[in-house]
**Q** 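To start, I am sharing the structure in question, which I have written as structure tokens.
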There are 2 protein chains.
Amino acid sequence: MTLPPQAGSSTADTPGTPTGSAPGRVVRAIPEATVARLAVYLRVLGQLAEGGAETVSSEELASVAGVNSAKLRKDLSHIGSYGIRGVGYDVASLQHELERVLGLDHPQAVALVGVGNLGHALAGYGGFGGRGFPVTALFDVDPDLVGIKINGIVVHHVRDIPRECPAAGVTIGMIATPAQAAQGVCDKLVAAGVRSILNFAPTVLQVPDEVEVRKVDLAVELQVLAFHVAGRGNAAAAGVDPDAPAVSRVVNGRNGSAVPLS
Amino acid sequence: MTLPPQAGSSTADTPGTPTGSAPGRVVRAIPEATVARLAVYLRVLGQLAEGGAETVSSEELASVAGVNSAKLRKDLSHIGSYGIRGVGYDVASLQHELERVLGLDHPQAVALVGVGNLGHALAGYGGFGGRGFPVTALFDVDPDLVGIKINGIVVHHVRDIPRECPAAGVTIGMIATPAQAAQGVCDKLVAAGVRSILNFAPTVLQVPDEVEVRKVDLAVELQVLAFHVAGRGNAAAAGVDPDAPAVSRVVNGRNGSAVPLS
DNA sequence: CAGTGTGAAGGACTTCACAGCT
DNA sequence: AGCTGTGAAGTCCTTCACACTG
């Protein structure tokens, strides 16, 4: 049929790469799941630092981050031993360490394509968490939008992606267009050298292997929640439908990976 | 700053529930990961149906959905045997089957709290993918917003959640407030009987076990992408930093779970 | 002796590969 | 012959539990 086969979707997930096949160095890999949580730990550390804390135990940090302490320690062990036995972790130095590992010391330029409803909100989301993610380029196809400024940034036409993205040093692209336009935009971004894409459009993007796509799919999230509400996820619902299969895990989401917006 | 980065945790994740401890019936559980993909398959089937397709093979469907065919067949096998050997799946009946399993035949009322930047965009996202997810209640604390109508829905004050949510039969709540307000709002929703929450605020919500929370955390997503850009996820980057640990999986996200917005 | 770091055990998916319908 | 459905094997991640250190 017509639909292109899709590849990229969300949470990265490529089988390949046998773990630890680096040339000169035996770098122990950091699990994908861990990387997402490190970002959460970093945010929590920021809050603790504001509160004046100088050290935290794995137990405290884990509880605020919503994970169990063993997992947190295992996660941190992937980046090295920065804890003090019998005491905990030094808040400030752990923060720096996490920023370094996540690569936040070299801020990335972000391009946003699609400045409609959602895109506009994203563009206004200044600094994305306050940490080095300036949206440096905006694109759309709507003549009414091209040319206007949002937060001081001019909206360019999508056709100019090939010129503007490299010029602005864009390394991360966000797609907030209607589904039909997403693949085309994605292709343009990839051609412009973008290797990391955050996709808000309800489509599975096809991309070459070197490109990482993460998706934020509201419809899917709601449907998963609906599944649980329908009593298919757990027996908590009032009248459990006897015909419905149940999910293995139940309520109360804790860790996981997703994209925040507001 | 208006749009807060999100903390939400996202993909549900509770160890508990030993799989298959239902009283009268040995319902084989549907893995959480599968549920999220079923929603994607459903969307793809819709596109195929529009294109006039009557049947699809697991190979075709999988390719468009961005997963491998074995995984797709395993996923579908969790909901029963609706395929025809030697032929494939009947598009229409598989659609109905998926809708039934996901509980989309009983549309859920959704409440949205926080009608700022992002919240406003979400409220305007009419029908969320076109399928039964009417946003039936809006809340905020801003006096300038309380009382106005968005898409025909009046914005109520957050303090009225206890009254309005039950009245509107709300079963799913979406939180798009700044981080500081999120936990308070969450508590109100839970008190009002909401058992499923989609959190866009950059905070980890504390909820009782019966409540399922999924998060959409933009800051985390961008940081994960930044991690990969920094060459910590793969050796594809120009100058690979020898100090950086690498991630086990590399680029090109395939499956995963997230929320689409468009 | 409190609290980290970690081998070992345990789960939850994923992928393989093939038996079995149509 | 073609393609689904699925046991078995394999992988990635989580949880346990404990040795070890400050």
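Letters A, B, ... are given to chains in the order of the sequence lines, protein chains preceding strands, and every chain is numbered from 1.
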**Q** Could you check how far CG of Asp75(B) sits from P of dT6(D), rounded to whole Å?
**A**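 The answer, rounded to whole Å, is 13 Å.
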**Q** Pull out every residue in residues 84-91 of chain A that has a heavy atom closer than 4.0 Å to any atom of DNA chain D, ordered by number, or say none.
**A**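 Heavy-atom contacts with DNA chain D come from Ile84(A), Arg85(A).
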**Q** Mind calculating the distance between OH (Tyr82(A)) and P (dG5(C)) to the nearest angstrom?
**A**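 Whole-Å distance recorded here is 11 Å.
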**Q** Rounded to whole Å, please give me the gap between NE2 in His78(A) and P in dT6(C).
**A**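 Result: 10 Å.
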**Q** Find out whether Leu205(A) and Ile175(A) are in side-chain contact, i.e. whether some heavy atom of one side chain is under 4.5 Å from a heavy atom of the other.
**A**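 They are in contact (side-chain heavy atoms under 4.5 Å apart), so the answer is yes.
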**Q** Under 3.5 Å, is there a donor-acceptor pair between the side chain of Gln183(B) and the main chain of Gln206(B)?
**A**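 Answer holds: yes.
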**Q** Is the shortest side-chain heavy-atom distance between Glu60(A) and Tyr89(A) below 4.5 Å?
**A**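 The answer is no, as the side chains (C-beta and beyond) never meet within the 4.5 Å cut-off.
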**Q** Considering only residues two or more places apart or on different chains, which pairs with a residue in residues 74-97 of chain A satisfy salt bridge (Lys or Arg N to Asp or Glu O under 4.0 Å)?
**A**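 Residue pairs with at least one partner in residues 74-97 of chain A: Arg37(A)-Asp75(A), Glu97(A)-Arg100(A).
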**Q** Choose from dC13(C), dG7(D), dT14(D) the nucleotide whose nearest atom is closest to any side-chain atom of Lys74(B).
**A**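 Between dC13(C), dG7(D), dT14(D), the one nearest the side chain of Lys74(B) would be dG7(D).
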**Q** Can you tell which of dG5(C), dC13(D), dT4(D) lies closest to the side chain of Ser57(B)?
**A**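 The answer is dT4(D), which lies nearest to the side chain.
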**Q** For Glu60(A) and dT4(C), give me the distance from atom CD to atom C1', rounded to whole Å.
**A**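 Rounded to the whole Å, the gap is 14 Å.
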**Q** Can you tell me which nucleotide in dG5(D), dA17(C), dT14(D) comes closest to the side chain of Ser81(B)?
**A**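 Among dG5(D), dA17(C), dT14(D), the one nearest the side chain of Ser81(B) is dG5(D).
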**Q** Roughly how many Å is it from CD1 in Ile79(B) to P in dT6(D), rounded to a whole number?
**A**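 Nearest whole value for this atom pair: 12 Å.
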**Q** Tell me whether the side-chain N/O atoms of Arg73(B) come closer than 4.0 Å to OP1 or OP2 in dC16(C).
**A**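 Answer is no, no contact under 4.0 Å.
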**Q** Does a nitrogen or oxygen in the side chain of Ser58(A) sit under 4.0 Å from OP1 or OP2 of dT4(C)?
**A**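 Yes, because at least one side-chain N or O of Ser58(A) sits under 4.0 Å from OP1 or OP2 of dT4(C).
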**Q** In whole Å, what is the span from the CG atom of Asn68(B) to the C1' atom of dT6(D)?
**A**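 Whole-Å distance recorded here is 14 Å.
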**Q** Using a 4.5 Å cut-off on heavy atoms from C-beta on, say whether the side chain of Leu42(B) contacts that of Gln95(B).
**A**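 Yes, side chains in contact.
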**Q** Near Gln47(A) CD, under 6.0 Å, is it more than 12 heavy atoms from other residues, nucleotides or ligands?
**A**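 Yes, the 6.0 Å shell around CD holds more than 12 heavy atoms from other groups.
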**Q** Where the side chain of Lys71(A) is concerned, which of dC13(C), dT14(D), dC16(C) is the nearest nucleotide?
**A**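 Of the candidates, dT14(D) comes closest.
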**Q** Could you state the atom-to-atom distance from CG of Leu72(A) to C1' of dG3(C) in whole Å?
**A**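 To the nearest whole Å, that distance equals 12 Å.
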**Q** Taking Glu54(A) for the side chain and Gly52(A) for the main chain, is one N or O donor matched with an acceptor at less than 3.5 Å?
**A**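 Absent.
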**Q** Within this structure, what is the CD-to-C1' distance between Glu59(B) and dG2(D), rounded to whole angstrom?
**A**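 Atom CD in Glu59(B) sits about 12 Å away from atom C1' in dG2(D).
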